[in-house]
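Given the structure is predicted, the values throughout are model-derived calculations rather than measurements. Quick note on labels: first sequence line is chain A, next is B, and so on, each numbered from 1.
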Amino acid sequence: MISLPVGELEFHVFVSIALFAIGAYGFLCKRSGLIALMCLELMLNGVNLFLMTFSKHHSSPDGASLFLFIVLVAAAEAAIALSIFVILSRRFGSVVLDDYRRLKG
Amino acid sequence: MIFEGLRWILLAPLLGAVLNGVILQNKSAKISGLVATLASLVAFGFSVVACSQLSGLNSAPEQNFLIDPLFTWMSSGHVYVPFNLELTSITSVMLLVITGIGSLIHIYSISYLSEEESPWRFFSYLNLFLAAMLVLVLASNLAVVFLGWEGVGLCSYLLIGYWYKKPENTAAGMKAFITNRVGDIGFLIALFVAFSFFQTGDISRLAERVNDYAFLSSGVPTWAWYTFAGSLLWAATAKSAQIPLYIWLPDAMAGPTPVSALIHAATMVTSGIFLICRVWPLFAMSPVIVDAAFWIGMSTAWLAALIAVSQTDVKKVLAYSTVSQLGFMFVALGAGSPAAAFFHVITHACFKALLFLAAGSVIHGMHHKQEMSLMGGLKDKMKITHVCFLIGTLAIIGFPLTAGFFSKDMILAKVFAAQGVFGYILLLGAALLTAAYMFRAYTLCFWGGARSEYAQKAHESDPLMYMPLVVLAFLSLFIGWLELPEVFGHFTKITDWVHSSWYGVGVGEQAHLSHLAEWLLMLITSVLSLTVAYYSFKIYQRNPEFKILPEPLHKWSTNKFYVDEAFELLLIKPSMKAGRFINRISDETTFNGLANGSFRFTRLSGRLLALFHTGSVQTYAWHFVFWSSLIVGAIFLWTL
Amino acid sequence: MSEGIVVMGQVNLFQVVVGILALAAAIGVVHSKSAVSSALSLMATLFLTAFLYFAKGAYFAGVVQVLIYAGAIAVLFVFIVMLLDLKPSRVAIPGQKGVALLAFAATAMFVVVVALLAVPGLFEPGLQESNLTALSAKAISYNFVSTYMLPFQATGFLILAAIVGVIMLAKSVRSPSNESRGEP
């Protein structure tokens with residue numbers, strides 16, 4: 001396999017930060033709640049890559065354990081959030097986050 | 001010796017109180033009264049059994065008591081308070097008085113309260129009082145005594161305010177309660193001294209401290225003894241209505257008359273004297289305090305007697321007479337003779353309960369009119385009550401061979417022996433005043449013509465009410481034979497009992513009088529008392545308006561020497577003012593300011609933060625990302 | 001080179017290709033016109049990240065990523081997007097005031113952070129020979145029941161709560177008290 005003059009660690013950190021940043025950008029700017037959620041998953045994915053990278057770097061299972069926790073929490077979060085969006089879209093007729101402003105009470 | 005029957009003496013009235021107060025609410029006087037009387041009688045039965053057990057003991061003096069260990073009340077560091085009941089010989093006499101006279105008064109109350117709206121409340125309180133009083137006398141530890149001490153105060157308050165719809169009755173109840181709280185401070189200080197300096201609250205161990213040379217030489221400061229005795233005396237002046245804290249007792253007559261008989265004459269008000277008798281070996285360590293008790297008692301005996309001669313309300317006369325007689329008991333303590341004091345406690349319980357119940361019978365017959373100016377000529381209409389009241393009067397003034405004769409004679413003799421002629425003459429003066437005002441009350445009630453239509457229509461009370469009177473009359477005649485003067489033969493039950501309840505701690509022998517002196521004192525006292533009584537009787541038959549005291553003393557006396565007014569002016573008003581001042585600067589300014597300020601701050605910050613509350617999720621997300629990246633970036637740059 | 005031991009070193013071409021593809025798919029998530037293609041792009045990103053794990057030698061993590069993330073969560077997204085049948089016009093990004101400025105600030109920060117990666121000695125040196133057994137299922141599960149016992153149990157409760165919550169939410173949609181649904 002051809003090696004490139006870039007460290008594996010640095011490259012993976014770059015990818016994870018980029019994933020996180022793209023996710024954050026999408027979460028902040030997309031108006032559709034569903035896509036915002038997907039961007040949230042992207043952010044989590046970036047963090048996961050970061051954790052795994054350093055887990056390998058330090059040869060410690062701690063990062064991998066945290067990775068698993070995040071996966072589990074993300075699964076729970078996705079299930080709840082998606083079902084909330086199903087209800088919200090039935091009640092408001094849209095999944096646009098700005099339409100939900102009157103929920104502030 | 002362990003005797004587990006003691007707990008039932010306590011539990012029976014407690015159970016009665018719970019039954020009446022919680023389960024059998026709103027029952028008639030007959031049912032509630034029956035329950036309460038049964039509870040009281042059960043306690044009396046157990047008391048008799050316990051006393052016979054005690055008299056069967058033939059052990060050494062330091063073992064001469066029954067004990068019933070119940071449970072550990074508190075245990076913390078070297079403070080260890082077991083909840084034990086303990087029967088010593090002095091307690092056993094007190095026990096019989098409380099449950100015996102208590103039962104009679106319960107029976108009497110069934111009839112007395114037959115027309116009340118909520119007699120169950122009364123009987124519940126009365127049972128509760130019995131339980132608290134029994135805790136007070138049976139407790140083996142000063143802390144447990146304090147429990148009973150507070151309990152009787154509470155029940156006294158509740159019963160004085162029994163007719164709570166009249167504001168002056170509730171005010172009288174509060175006065176009694178607050179005055180007693182002032183005295184309770186003394187009890188608490190005595191408790192603290194006992195636990196911190198004597199390292200125990202147990203009465204038997206406290207008594208042993210007096211003879212414990214290792215302990216005495218371990219450097220307990222002298223002032224600890226003085227503080228202990230002095231604060232106990234202070235506590236006793238409140239509970240036993242002595243100067244300066246006697247003011248609550250006359251007002252306490254607002255309660256129903258059986259309450260006045262049981263609580264404010266026979267039992268609760270004597271608990272201060274009882275307590276000092278129990279811890280006498282410690283109390284006697286401070287001669288100054290003993291002298292103070294003498295002078296407090298003497299001045300109270302005089303002051304109360306001087307007020308009693310001009311009172312027009314029959315219950316008020318009896319109330320001041322009680323204060324005066326309690327003063328006699330303090331004088332006996334001050335003369336170094338707890339036995340004489342305790343003897344007078346017992347006889348006084350009998351004849352004063354009799355007098356109060358007889359007065360209650362009169363009041364009942366008069367449709368709750370208590371003014372003696374409305375009475376007169378009742379001796380034919382209420383024959384049994386009349387005879388009983390007469391016996392009570394004779395007993396209290398010391399008619400030869402009645403109960404009061406022996407106990408008062410014993411006090412006078414002890415005072416003569418301890419304080420000399422001067423003290424004797426002073427006390428004799430108070431005793432003569434007793435004869436004057438008691439015969440005044442007796443004559444105004446029962447002799448002469450009827451002075452109102454109530455008196456004309458008065459009728460004898462029913463047997464339920466006069467049977468207890470008869471029993472008490474017998475006791476008033478004969479209970480004095482428990483302790484005879486030296487000249488009558490050597491029969492000194494009371495002295496033996498009192499001395500044997502100090503766990504073998506001996507107290508020095510008192511000075512003895514020669515037989516001639518005893519005869520002479522007895523003769524002088526009796527002759528003078530009877531003469532005063534006779535003249536009082538004669539004068540008040542002819543002139544019910546006669547004033548014993550010359551002006552302006554009479555005016556002062558009717559106004560109770562302005563003691564209440566002085567208290568009002570010197571203590572109550574300044575403390576009310578101070579209270580209002582503190583309320584203004586602390587509550588209204590500081591705390592209200594703080595409370596309002598925090599509310600304003602919260603409201604303002606809420607309004608400011610509400611500006612960020614747009615309802616748009618992504619705005620929140622922006623804030624989150626912006627501020628957290630600022631913080632994280634700052635930390636990153638800092639560590640770089 | 002014994003088994004399970006790899007030398008930390010340069011990145012190889014496969015990893016670079018996969019990483020860049022993953023980033024491209026992530027941009028696809030953000031920039032698709034329709035929600036369905038966003039969801040499919042998400043799935044692609046997750047798969048590609050899983051390949052990165054495999055390339056690192058973290059096989060267990062990669063399997064979990066494929067099974068749970070790509071297999072369950074992303075499919076759930078696709079399913080929900082289909083269910084709601086969103087119109088593309090409602091999903092498009094309208095111009096938002098200040099977004100451009102903030103996007104610029106974020107990009108600038110991103111560039112700064114990436115530039116920092118080039119600083120030599122930024123990371124503490126790792127082990128010269130990385131022990132891949134630390135990333136094995138055995139090591140992770142051992143860690144789970146020892147060091148992370150409490151979070152592990154707490155996560156169990158969280159998932160239970162999520163199950164209950166989802167059931168409650170699903171029930172409330174069908175309950176008759178929900179007559180007013182569809183109101184704006």
Exercise for review: Determine the interplanar angle of the H31(C) and Y25(A) rings, folded into 0 to 90°, and report it as parallel if under 30°, tilted if 30 to 60°, perpendicular if over 60°.
Suggested key: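 Because their plane-to-plane angle is under 30°, the rings of H31(C) and Y25(A) count as parallel.
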Review point. Aromatic rings F67(A) and Y53(C): how do their planes relate, parallel, tilted or perpendicular, breaks at 30° and 60°?
Key: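 The arrangement is perpendicular - the two ring planes meet at more than 60°.
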Point to revise | Separation between CD1 of I140(C) and CG of L66(A), rounded to the nearest 0.5 Å | key: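 Reported to 0.5 Å precision, the distance equals 10.5 Å.
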**Study point:** Interatomic spacing from CZ in F14(A) to CG in L23(C) - rounded to 0.5 Å
**Key:**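 With rounding to 0.5 Å, CZ (F14(A)) is 6.0 Å from CG (L23(C)).
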Review point. So which of S38(C), A139(C), G19(C) has the largest heavy-atom pair count under 4.5 angstrom toward chain A?
Key: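 Max contact count across the listed options: S38(C).
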Check your understanding: Out of I20(C), V29(C), T147(C), which one racks up the most heavy-atom pairs below 4.5 Å with chain A?
Key ->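 Heavy-atom pair counts peak at V29(C).
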With a 4.5 angstrom heavy-atom cut-off, is it the side chain or the backbone of [X] that approaches chain A, or both, or neither?
| X | result |
| --- | --- |
| A39(C) | both |
| I27(C) | both |
| I68(C) | side chain |
| A26(C) | both |
| T155(C) | side chain |

Exercise for review: Start with the C-alpha gap between L135(C) and M52(A), add the side-chain angles, then the distance that decides, and say whether side chain to side chain contact (heavy atoms under 4.5 Å, CB included) holds.
Suggested key: CA-CA 9 Å; L135(C) 304 179; M52(A) 284 312 295; 4.2 Å; yes
Check your understanding: V166(C) and S83(A): which non-hydrogen atoms are nearest, and at how many Å?
Key ->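 Where V166(C) meets S83(A) most closely, the heavy atoms are CG2-OG, 4.1 Å.
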Exercise for review: Kindly give the heavy-atom pair with the smallest separation between L19(A) and A22(C), and that separation in Å.
Suggested key: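 Shortest heavy-atom contact: CD2-O, 4.3 Å.
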Review point. Most heavy-atom pairs under 4.5 angstrom with chain C, which of L72(A), V73(A), L68(A)?
Key: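 Most heavy-atom pairs within the cutoff with chain C belong to L68(A).
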Check your understanding: Most heavy-atom pairs under 4.5 angstrom with chain C, which of A74(A), A76(A), A18(A), G26(A)?
Key ->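 Among the listed options, the one with the most contacts to chain C is A18(A).
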Exercise for review: Determine whether more than 12 heavy atoms belonging to other residues, nucleotides or ligands lie under 6.0 Å from atom CZ of F152(C).
Suggested key: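 No, the 6.0 Å shell around CZ holds no more than 12 heavy atoms from other groups.
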Review point. Applying side-chain hydrogen bond (donor to acceptor under 3.5 Å, both in side chains), which residue pairs with at least one partner in residues 60-74 of chain A are found, sequence neighbours left out?
Key: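 Listed once each, the pairs are D62(A)-N143(C), S65(A)-N143(C).
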Going by atom type alone, with no hydrogens or angles, which donor-acceptor pairs under 3.5 Å involve a side-chain atom of residues 34-49 of chain A and a protein atom two or more places apart or on another chain?
{"from": "N45(A)", "atom 1": "OD1", "to": "Q65(C)", "atom 2": "NE2", "distance (Å)": "2.8"}
{"from": "N45(A)", "atom 1": "ND2", "to": "T49(C)", "atom 2": "OG1", "distance (Å)": "2.8"}

Check your understanding: If only atom types and distance count, is the side chain of K56(A) paired as donor or acceptor with the main-chain N or O of K56(C) below 3.5 Å?
Key ->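 Confirmed, K56(A) side chain pairs with K56(C) backbone.
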Review point. How about F85(A) and I80(C): do any of their side-chain heavy atoms sit closer than 4.5 Å?
Key: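 No. Closest side-chain heavy atoms not under 4.5 Å.
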